[in-house]
Amino acid sequence: MKEKRFDYTWVIVALCFLSVCISLGFCSSGRTMYLTAITDALNIPRSAFSLNDTFRYVTTTILSLFFGKLVNKFGTKKLMCAGFICLIGFAVLNSIAEHLIVFYIGGILLGVGLSWTGTTMVSVVINRWCKKNKGTITGAILAANGLGGAVSVQILSPIIFEEGNVFGYRNSYRLVALILAVVLVLLIVFFRDVPKGEKAEPVAETKKRKARGTGWVGMEYTNVVKKPYFYLALVCMAFTGMSLQGLGGISTPHMYDMGMDKAFVATLMTVSSLCLLSSKFLTGFLFDRTGMRITMNIALASSFISLVGLVLVDNSPIGQVIAFVRIIFAAIALPLETVMLPLFASDLFGNKHFDKIVGLFYAASTAGFALGSPFANLCHDLFGNYNVPFIVFAGLMLFVAVTMQFVLNLAHRDRDVILAEEAAAIAAAEAASASATEKEQTANA
């Protein structure tokens with residue numbers, strides 16, 4: 001009997017889960033609570049303050065374009081540790097900032113930190129460490145964002161809105177910095193780039209790569225960039241990212257503006273995070289069972305319903321019911337910016353150049369985020385509320401829903417042609433091999 005050894009893979013999975021839970025859950029999911037607190041305390045226009053989100057997403061967009069090269073040069077451990085150092089810097093700067101420029105620098109650090117500790121990095125780590133059930137494990141890890149968001153709201157909200165202390169948000173950021181430092185120490189001590197005895201495989205740089213998941217082989221990148229629907233897909237990713245700001249970036253301050261009790265809003269945020277925890281699993285499950293079109297259409301329809309629901313939200317009993325119901329639809333829609341992006345890349349263009357294409361999709365999505373936040377808060381400063389951007393975002397999601405139908409039709413048509421050519425080539429090779437074998441047998445006889 002062979003002695004059963006402990007599989008270190010599960011240590012890596014746990015560290016990735018913790019990384020997503022803390023980095024995205026505490027640094028990103030709860031950021032909507034800070035908008036009202038900081039702008040009120042420092043008397044800053046929301047449109048000016050929200051530019052720190054623009055700096056964050058522009059930074060993330062740029063880093064997404066060079067993600068493969070950075071991982072190949074420095075490795076996952078160094079980048080993840082550097083990411084947490086940047087997140088600590090972000091939290092510390094925001095805890096002492098008096099001027100907008102300091103918040104903008106914090107936004108840049110947040111963009112760097114989340115680029116190296118979030119979705120894209122976890123996907124690479126799991127691809128290297130996990131030989132089986134990669135999709136299930138990745139979905140479970142990304143769901144940690146919802147868990148972290150639910151926990152962070154309950155912990156940080158009472159600190160941010162401490163009665164009699166308009167600067168309570170500073171103590172909240174200091175606590176976040178301490179939590180991030182603990183996770184950084186755990187990564188330094190326990191994280192490994194690859195299993196012992198193995199070498200790291202290049203990411204997005206080699207021409208030959210192993211097929212991932214259950215996707216198809218895919219087309220050459222030189223052909224991808226010649227397809228008009230590739231650029232339509234990028235535009236849709238950008239519009240989706242921009243519109244999802246209405247679900248994640250400004251929904252909480254909007255409910256504060258409507259006069260809702262902060263404890264009630266905090267409860268809604270916790271429920272939303274828990275719903276998101278489930279929706280990421282369900283998105284992957286639905287995709288495996290029904291395919292891209294049904295999964296995509298459900299998410300897009302949910303985003304539209306949730307955005308319209310935000311326009312109807314107020315502090316009346318009916319408005320509170322609408323606020324509660326719409327968070328369910330928001331949770332179904334939000335995987336469009338996370339789980340759905342790699343599914344789009346794989347389904348539309350295959351696995352051959354998956355890393356490069358998914359990086360571009362993430363870049364387009366974060367570019368949309370960079371535009372969405374300042375636009376929404378500029379509208380708030382001009383009109384006194386967020387209803388105008390909610391209506392604009394709902395219109396953009398209708399455009400995306402219609403356009404993506406054409407993108408899917410064209411992409412699947414090309415996929416069928418490529419798969420038919422591959423099947424014909426395999427059949428011809430098998431026939432040639434059988435003919436050669438038959439001739440050899442005849443000659444031997």
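Atom OH of Tyr231 is surrounded by more than 12 heavy atoms from other residues, nucleotides or ligands within 6.0 Å. Around atom CD1 of Ile294, no more than 12 heavy atoms belonging to other residues, nucleotides or ligands sit under 6.0 Å away. Applying the 6.0 Å contact sphere to CZ of Phe406 captures no more than 12 heavy atoms from other residues, nucleotides or ligands. In this structure, Ile318 places its CD1 atom where only 12 or fewer heavy-atom neighbours from other residues, nucleotides or ligands lie under 6.0 Å away. Applying the 6.0 Å contact sphere to CZ of Phe66 captures no more than 12 heavy atoms from other residues, nucleotides or ligands. A 6.0 Å sphere centred on CZ of Phe230 holds more than 12 heavy atoms belonging to other residues, nucleotides or ligands.
Residues passing the ring pair (Phe, Tyr, Trp, His ring centres under 6.0 Å) test with Tyr57 are Phe369, sequence neighbours excluded. Considering only residues two or more places apart in sequence or on other chains, Phe399 meets the ring pair (Phe, Tyr, Trp, His ring centres under 6.0 Å) condition with Phe239. In this structure Asp257 satisfies the salt bridge (Lys or Arg N to Asp or Glu O under 4.0 Å) test together with Arg46, sequence neighbours excluded. In this structure Arg174 satisfies the side chain to side chain donor-acceptor pair (under 3.5 Å) test together with Asn171, sequence neighbours excluded. Scanning for ring pair (Phe, Tyr, Trp, His ring centres under 6.0 Å) contacts around Phe344 gives an empty result, with sequence neighbours left out. For Ser316, the side chain to side chain donor-acceptor pair (under 3.5 Å) partners two or more places apart in sequence, or in a different chain, are Asp314. In this structure Phe304 satisfies the ring pair (Phe, Tyr, Trp, His ring centres under 6.0 Å) test with no other residue, sequence neighbours excluded.
No option in Tyr169, Tyr256, Phe167 other than Tyr256 meets the ring-ring contact (aromatic ring centres under 6.0 Å, His included) test with Phe161.
The ring-ring contact (aromatic ring centres under 6.0 Å, His included) analysis of residues 16-46, with sequence neighbours excluded, yields the pairs Tyr34-Tyr173. Applying the salt bridge (Lys or Arg N to Asp or Glu O under 4.0 Å) test to pairs two or more places apart or on separate chains, those with a residue in residues 82-105 are Glu98-Arg170.
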Begin with the C-alpha distance, continue with both residues' side-chain angles, and end with the deciding distance and a verdict on side chain to side chain donor-acceptor pair (under 3.5 Å) for Gln154 and Thr270.
CA-CA 7 Å; Gln154 296 303 313; Thr270 300; 2.4 Å; yes

Val265 and Asp261: side-chain contact (heavy atoms from CB on, under 4.5 Å), yes or no, with the steps?
CA-CA 6 Å; Val265 176; Asp261 181 70; over 6 Å; no

Given Cys21 and Asn145, is the side-chain contact (heavy atoms from CB on, under 4.5 Å) satisfied, shown in steps?
CA-CA 5 Å; Cys21 182; Asn145 181 14; over 6 Å; no

Check against side chain to side chain donor-acceptor pair (under 3.5 Å), Ser115 and Arg56
CA-CA 10 Å; Ser115 294; Arg56 165 193 170 179; over 6 Å; no

Please test Tyr386 against Cys379 for side-chain contact (heavy atoms from CB on, under 4.5 Å), starting from the C-alpha separation and ending with a verdict.
CA-CA 7 Å; Tyr386 289 110; Cys379 289; over 6 Å; no

Let's go through Thr240 and Glu337 carefully: what are the C-alpha distance in whole Å and the side-chain angles of both, what is the deciding distance for side-chain contact (heavy atoms from CB on, under 4.5 Å) to 0.1 Å, and is it a yes or a no?
CA-CA 8 Å; Thr240 300; Glu337 64 175 332; 5.9 Å; no

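In this structure, Leu408 and Leu348 approach most closely via the heavy-atom pair CD2-CD2, 3.5 Å. Taking both residues in full, the closest heavy atoms of Gly291 and Thr295 are given as O-OG1, 2.8 Å, listed atom of the first, atom of the second, then distance. Scanning both residues, Ile85 and Leu184, for their nearest heavy atoms gives CG1-CD2, 3.8 Å. Considering all non-hydrogen atoms of both residues, Asp53 and Ser373 come closest at OD2-OG, 3.1 Å. Among all heavy-atom pairs drawn from Val311 and Asn387, the shortest one is CA-OD1, 3.8 Å. Met255 approaches Ala323 most closely through the heavy-atom pair SD-CB, 4.2 Å.
Counted by atom type alone, Thr366 and Thr61 present one or more donor-acceptor pairs between their side chains at under 3.5 Å. Checking Ser272 against Arg326 by side-chain atom types alone, no donor-acceptor pair falls below 3.5 Å.
Under the 3.5 Å distance criterion, the side-chain polar atoms of Asn315 are matched with a main-chain donor or acceptor of Gly259. Side chain of Ser306 to backbone of Ser303: no donor-acceptor contact under 3.5 angstrom is found. In this structure, the side chain of Ser365 does not engage the main chain of Tyr362 through any donor-acceptor pair within 3.5 Å. Within the 3.5 Å criterion, the main-chain N or O of Gly25 finds a donor-acceptor partner in the side chain of Ser152.
Looking at heavy atoms from C-beta onward, Met292 lies in side-chain contact with Met340 at the 4.5 angstrom threshold. A heavy-atom distance below 4.5 Å is not found between the side chains of Met80 and Trp116. Inter-residue side-chain proximity for Asp347 and His412 is flagged as met; some heavy-atom pair is nearer than 4.5 Å. Between Thr60 and Leu63, the closest side-chain pair of non-hydrogen atoms is not below 4.5 Å. The side-chain heavy atoms of Trp129 and Pro195, taken from C-beta on, include a pair separated by under 4.5 Å. Using a 4.5 Å cut-off on side-chain heavy atoms (C-beta onward), Phe90 and Cys27 make contact. At a threshold of 4.5 Å between non-hydrogen side-chain atoms, the residues Pro317 and Val321 do not count as touching. Taking the side chain as every heavy atom from C-beta outward, Val407 and Met404 approach each other to under 4.5 Å.
With rounding to the nearest 0.5 Å, the separation of CD1 in Ile327 from OG1 in Thr267 is 9.5 Å. Of the inter-residue distances, the one linking Met397 atom CE with Leu307 atom CG reads 7.5 Å to the nearest 0.5 angstrom. In this structure, SG in Cys16 is found 9.5 Å from CE in Met121, a value given to the nearest 0.5 Å. The OG atom of Ser50 lies 8.0 Å from the CG atom of Leu378; values are rounded to the nearest 0.5 Å. Taken from OG in Ser47 to CG in Asn377, the straight-line distance is 7.0 Å, to the nearest 0.5 Å. Note that CD of Gln405 is 5.5 Å distant from CZ of Arg293, once rounded to the nearest 0.5 Å.
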Under 3.5 Å, which donor-acceptor pairs link side chains of residues 35-44 to any protein atom two or more places apart or in another chain?
residue, atom, partner, partner atom, Å
Thr39, OG1, Leu35, O, 2.6
Thr39, OG1, Thr36, O, 3.3

Name every donor-acceptor pair, under 3.5 Å, that has one atom in a side chain of residues 328-335 and the other anywhere in the protein, sequence neighbours excluded.
none

Distance-only criterion, 3.5 Å: show the donor-acceptor pairs between side-chain atoms of residues 100-112 and protein atoms not counting sequence neighbours.
residue, atom, partner, partner atom, Å
Tyr104, OH, Ala48, O, 2.7

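At a threshold of 4.0 Å, the pair Asp193-Lys78 does not count as salt-bridged, since none of the basic side-chain nitrogens sits closer than that to a carboxylate oxygen.
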